[in-house]
Amino acid sequence: MSFSMLVFIGMGVVLLVVLGWVSFSNGGQKPEAIGSLRQEREWRHISYLPQIKQALTSADYDFLTGRGSPELAKRVRRERRRIARDYLSALRTDFEKLLRFAQVISVMSPELDVAQELQGFRLRAEFLYRYQLIRLWLVCGSAPSEALAHLSDMVSGLTVRMETAMAELGERTALVAELASPYNGGGPDAG
Amino acid sequence: MRAFFASVSYLWAASVLAQAVVCGILVYRGHFRTLPFFATYITLNLYQAVFLYGVYSRYGFRSPEASAAAWWSEAITLVARAFATVEILRLALKSYRGISGLVWRLLGGISLLLLICVAIIARGDAGWALMHADRGYHMIFAAAVIACLTLIRYYQIQVAPVYKALLAGFCFYSCAKVLIDSILPGLLFQRYPNFEFIWQSLAMVSFLAVLVLWGWALRRPLPEKAERAVLPSSVYGRIVPEINYQLRAINEQLMNFWKIEEPRS
């Protein structure tokens, strides 16, 4: 079997798999997730940042090791790492919501900037890759609390800036709030 | 040989019947008005089947006349198929001007890229030139349309099931053709003298499956056109770069995760 045959067979199989995934996955049908943009804009996980920061400070471990026992400090550290992982997941949710917000605006816009859209794809891919690495790191036992706090600050900052931008848009924001309509089964796409 | 020929004939008849049924649905439901290129494609396919049956009966399956007739008629239907696909994509994305612009660029870019790749892969193999061209076309076609479907999924745009079924049918048949054309000749060419019949049968079974899917999808009325709210361009120009800027900053922060020292306990 020649090289070209193998290339064609490989590509054919890959295309069939992707076609199956695109056809049978329900990526475009999540009315509960996009039914209300107002809910999407809440980004509530950020509000737990002070508690998470407190939970990851080394002072607590020093105190527990000195006054309690090393076992206790170890157990608490383990628990707090789990919380950090959950928090990282929540940050990812916030990231995805913001990205989704950008996608909704793209869908409703008459013209798109290809460079911006490509950047969006790339950023999402990068975020997912790094997120998985950090998650793995946390699972393996490290607790990069300061880095996590920085990350939280970044998402928090993004939230505030987005809210400001949207407020400045005034009445247009109300129009954006109607964006749920393309996804709720109305119009030419409803089958 | 006779049994093989009989089975191919039955499949051929079934395929013609299925195409006639799909044509009938297109006319009866009035879909041909909304999907003129798709209706043309199905009609051309039907004519091709009848035409080739006549040519094979007169000149034989392996004659040069039959080969020329088959390839020329195939080329015509492939062009019609490309037009039909563009028509379906245009209908599915009519209400999304920005996204459809992106889809056309993607379609053009991927087609060009794969055309170059296929030309490089197939070069220097003149004996199979037509085969490579046909297979390359199917490969480019399937990859471009699947890329568009992936983009549609990324933006969570709900495409009407009927359009999705039509596009998926085109893609499935193209993928099946690529696999059949790539695997069977190498596998069967030297072992079975009548491997063309097996080849033909598999291709026809794939197309028959697609026709059944299309017939099923087209039995209902096509979705009505509806206007969507469109944001002013300035909203996109203001918000999306801002989001991307912030997302990039978050990613940079994530990258720095490795560089920040873990707090000592």
Side-chain angles (χ1 to χ4, degrees), chain A residues 1 4-5 7-9 11-12 15-16 18-19 22-23 27-30 58 61-62 77 95 98-99 102-103 105-112 114 116-117 119-120 123 126-127 130 134 142-147 150-151 154-155 158 161 165 169 172 175 178 182-183 186-191, chain B residues 94-99 101-102 105 121-122 135 139 142-143 146 149-150 153 155-162 168 171-172 175 178-179 182-183 186 223-226 228-231 233 235-236 238-244 246-251 253-257 260 262-265:
Chain A
M1 201 170 273
S4 68
M5 293 270 187
V7 171
F8 275 112
I9 291 168
M11 285 185 75
L15 287 174
L16 260 184
V18 177
L19 176 65
V22 170
S23 301
Q29 297 176 358
K30 295 173 182 170
S58 57
Y61 302 131
D62 294 339
R77 190 184 290 122
F95 183 95
L98 288 164
L99 197 67
Q103 285 174 348
I105 289 170
S106 299
V107 166
M108 291 209 62
S109 296
E111 278 181 41
L112 303 184
V114 177
Q116 289 292 342
E117 296 305 310
Q119 198 179 34
L123 287 170
E126 272 181 29
F127 179 85
R130 285 172 189 157
I134 292 162
S142 299
S145 61
E146 285 184 25
H150 281 299
L151 182 67
M154 293 306 300
V155 179
L158 172 58
R161 289 179 73 165
L169 285 167
R172 287 171 187 171
L175 190 58
E178 291 169 14
Y183 308 99
D189 300 340
Chain B
K94 205 170 188 173
S95 305
Y96 307 98
R97 278 169 53 196
I99 299 294
L102 203 62
R105 285 174 214 172
I121 290 168
R135 199 173 43 183
M139 173 71 75
I146 288 171
L149 288 173
T150 310
R153 190 189 180 282
Y155 285 105
Q156 300 187 12
I157 293 171
Q158 277 194 334
V159 172
V162 59
C171 288
F172 172 77
C175 291
V178 168
L179 288 176
S182 301
I183 296 170
E224 293 290 319
K225 185 193 168 192
R228 300 236 182 265
V230 177
L231 287 171
S233 302
V235 175
Y236 177 86
R238 181 182 171 85
I239 294 177
V240 172
E242 173 72 10
I243 292 176
N244 281 343
Q246 294 293 339
L247 294 181
R248 195 169 58 243
I250 291 172
N251 272 336
Q253 196 60 45
L254 270 170
M255 202 161 59
N256 288 335
F257 244 71
I260 293 171
E262 187 185 347
R264 285 176 190 144
S265 55

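In what follows, chains carry the letters A, B, and so on, assigned in the order in which the sequence lines appear, proteins first and then strands, with residues in each chain numbered from 1. Only this structure's heavy atoms are used, side chains among them; waters, hydrogens and symmetry mates stay out. Because the structure is a prediction, the values reported are computed rather than measured.
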Are A/Met11 and B/Val178 side-chain neighbours, meaning at least one heavy-atom pair lies under 4.5 Å? no

Write down the atom of A/Val22, the atom of B/Arg153, and the distance for their closest heavy-atom approach. CA-CD, 4.4 Å

What one should report as the nearest heavy-atom pair of A/Leu19 and B/Ala168 is CD2-O, 3.9 Å

From B/Ile99 CD1 over to A/Gln103 CD, what is the distance, rounded to the nearest 0.5 angstrom? 8.5 Å

With a 4.5 Å cut-off on side-chain heavy atoms, are A/Leu15 and B/Met139 touching? yes

Side chain, backbone, both or neither: which part of B/Leu149 has a non-hydrogen atom closer than 4.5 Å to chain A? both

Mind listing the closest non-hydrogen atom pair of A/Leu16 and B/Phe172 along with its distance? CD2-CD1, 3.8 Å

